[in-house]
Number of protein chains: 2
Amino acid sequence: MGDTKPAADEAASEQVRAKAGRVRIEDVAEAAGVSMKTVSRVLNNEPNVSPRTRGLVEAAVEKLRYRPLPSARVLAGRRSYLVAMLFDNPSNNYLMEIELGVLDACQAQHYNLMLAPLVYNADDIIDKVEALVVQAQLDGVILTPPITDDVALLRRLEELGIPYASISAKEQNRHVGVVVDEHGAVCSMMAHLASLGHRRIAHVRGHAAHGASAWRLAGYREGLRRAGLRYDARLVVDGEFSYESGYAATNALLDLDDRPTAIFAANDDMAAGAICAICERGLSVPGDISVCGFDDTPIAHQIYPALTTVRQPTREMGRLAATELLKEVRELGSGGIVDVPYALQLRRSTGPVSSVD
Amino acid sequence: MGDTKPAADEAASEQVRAKAGRVRIEDVAEAAGVSMKTVSRVLNNEPNVSPRTRGLVEAAVEKLRYRPLPSARVLAGRRSYLVAMLFDNPSNNYLMEIELGVLDACQAQHYNLMLAPLVYNADDIIDKVEALVVQAQLDGVILTPPITDDVALLRRLEELGIPYASISAKEQNRHVGVVVDEHGAVCSMMAHLASLGHRRIAHVRGHAAHGASAWRLAGYREGLRRAGLRYDARLVVDGEFSYESGYAATNALLDLDDRPTAIFAANDDMAAGAICAICERGLSVPGDISVCGFDDTPIAHQIYPALTTVRQPTREMGRLAATELLKEVRELGSGGIVDVPYALQLRRSTGPVSSVD
DNA sequence: CTGAAAGCGCTAACAT
DNA sequence: ATGTTAGCGCTTTCAG
């Protein structure tokens, strides 16, 4: 390690600086023999840099292992490289999958994610979000159900001119985000039940305030229609997406004189509750009654019998929503709606209608 | 709206500025009739401000609805007001509860949370974390299992001098963070099983690389000892915390000539797998075999029969870990280890040993 | 295509 | 107890 050659000196001093202080854009500029601004251009993919210069800068960045300091960029620039995910925890599992997907996209594009727990329908939600957007200088927000359906909030976000993307929003007009054809999914599920010979199919609804509940009910009715079955209001009972509500709703159905041979619950948790209620009466699934759910959460294959349900690619949905949002952030109007595919997961909880019935 | 009176002018200009640009510390200083620095002192709870002045400043902050811009504070100051949570998803549910707790504490103390998905035992984990710490200027990190047990990482964090807090770390020496007495919890569970008359109690182990597995096994052995039961190696089978592994392990146990009358699985998912395996053989839980788990995840009460298990206050653990970390951030050495209580959740999956046995 | 200078909003160090 | 000054590291004008 001689200290005679200038090159060695330079390398050494750079080392020291990197260790002690921190490599700054100025150091990179010096190393590449260009100005700070040119380095900045390269970093931000701006036009008007010759390929040769770009290469020089990139090499210097690599060599010095330079990474821009986020706070400095934010302070100086217009963008904050920060998006927030607004949520009112619908379910730990669903939310975490979405979050992981969002994180995937954010990391890939060097954006940061901030989490904003909110309470759906609380009257201070707009103030809270506004404070967040202004204070944290958010570049955009991701809305998860059921926050997606707060019209007042949507309006305010539009007034503020801040890009947003929603996941499974009820109203899809003018939105950026991702949706899955829940209506179609439920229709397929109903077709599956009908093909097994079921004629009395019940539905346990989800929480009334959630958009998903309406879709799933609509799919149920359309499914009945297509199978040539009559809608019977007594076979539709309210739940609220929780295990307990599914349990209670199913007990009500089991008390009917003419009980159903199949139950479509609006999500897996309620379906699990349904199975429990059925088992407790000494009936068997699917021997006596078939049960199916929606979401394909882990519980779907961790209960006995394993649940027939509908799978949505949750993590992918998070990733795509974030991707569309970031497009929108870069250029208003460039984000779109992505329709992701669902898949029926046929498992043991559904079977042919029992012949004695 | 006259423009003659200076006071009105000032108010109006403040309004405009607040709307168009943004309220800055300078505006607050002007409104309070003090210098920028004094406002800064009040904002940061620094000493050497007279109560009167403090009051003046606070009133101005309130009136102008002033909020400091994070990036500016970070750039100018030493702290980043940012902590990261390092994780290698052990389970969506567990992680989300921890995260919500951490978020509670961070929000209360005006800190931001960054999420860092990692892969336990990957060889680039140290580089990744180091890049994060340096680049994002983290004030501290929170470690979740199993990342808590990466000794090389812990050493590096200490070298870097960056505060960290861990949740349920295997080695608790010199750590800041939160722990629960898992050993004691398992002993209690074993005492419960023994009191029901069980003499042949099996254990399905967790993933070998996780600290929790070792604790739970140790608690199992100690529990046997206290109940005066002999340890039988054939009754201990390996799992890896997944539903499938619990299912497979239980099938192995059921194939034994002298099969157990109770199974303690190292977590709920595996216990759910165990119940499935038992049911599939036409045996009943707890009639033929009692099953218990650990964690009290939602699945514990969503399967049939509901699972006897151990509950840890997960969200609270996240909150406490973050709280201790932030103490440590403010003043090295001020954070400590918090021992949180566990609770046995007795449900239907455990019962008296069958008399025929 | 490139560079020089002027801040972004705040805090640190040093006055006073 | 309070104020003054000089940056933090980057981007944005605006000028070449």
In whole angstrom, what separates A/Arg24's CZ from D/dT11's P?
14 Å
Gap between atom CG of B/Leu113 and atom CG of B/Asp104 - 0.5 Å precision:
11.0 Å
A/Gln137 has an atom CD; how far is it from atom C1' of C/dC10, in whole Å?
13 Å
Most 5' of B/Leu75 and B/Gly33 on DNA chain D, judged by nearest nucleotide:
B/Gly33
Relative to the 5' end of DNA chain C, which residue comes earlier, A/Pro51 or A/Met36, by the nucleotide with the nearest heavy atom?
A/Pro51
Are any of B/Ser40's side-chain N or O atoms less than 4.0 Å away from OP1 or OP2 of C/dC10?
no
Straight-line distance of A/Leu118 CG to A/Ile147 CD1, nearest 0.5 Å:
4.5 Å
Does D/dA1 have its OP1 or OP2 closer than 4.0 Å to a side-chain nitrogen or oxygen of B/Thr38?
no
Residues B/Arg319 and B/Glu316 bridged, charged N to O under 4.0 Å:
yes
Can you spot which of B/Leu100, B/Asn92, B/Ile98 makes a side chain to side chain contact (heavy atoms under 4.5 Å, CB included) with B/Met96?
B/Leu100
Between C/dT2 and A/Ser50, is there an OP1 or OP2 to side-chain N/O distance shorter than 4.0 Å?
yes
Does A/Asn44 have a side-chain nitrogen or oxygen under 4.0 Å from the phosphate oxygens OP1 or OP2 of D/dT11?
yes
For D/dT2 and B/Thr53 - does any side-chain N or O of the residue sit under 4.0 Å from the phosphate oxygens OP1/OP2?
yes
Any side-chain donor-acceptor pair under 3.5 Å between A/Tyr164 and A/Glu328?
no
To the nearest angstrom, how far is A/Leu56 atom CG from C/dC1 atom C1'?
14 Å
Base, sugar-phosphate or nothing for A/Val34? Non-hydrogen atoms, less than 4.0 Å.
sugar-phosphate
Gap between atoms CD1 and P, on A/Ile25 and D/dG9 respectively (whole Å)
12 Å
Atom-pair distance (CZ on A/Arg41; P on D/dT11), nearest Å
11 Å
Report the distance from atom CZ of B/Arg73 to atom C1' of C/dG9, rounded to the nearest whole Å.
11 Å
So if I take every side-chain heavy atom of A/Leu69 and compare against D/dG3, D/dC10, C/dT11, which nucleotide ends up nearest?
D/dC10
Does any donor-acceptor pair link the side chain of A/Lys37 with the base of C/dA4 at a separation under 3.5 Å?
no
If you pin B/Ala76 and B/Asn48 to their nearest nucleotides in DNA chain D, which one's is more 5'?
B/Asn48
Measure from CG on A/Leu43 to P on D/dT12 and round the result to the nearest Å.
12 Å
Taking OH from B/Tyr81 and C1' from C/dT11, how many angstroms apart are they, rounded to a whole number?
9 Å
Just N and O in the side chain of B/Tyr66: are any of them under 4.0 Å from OP1 or OP2 of C/dC10?
yes
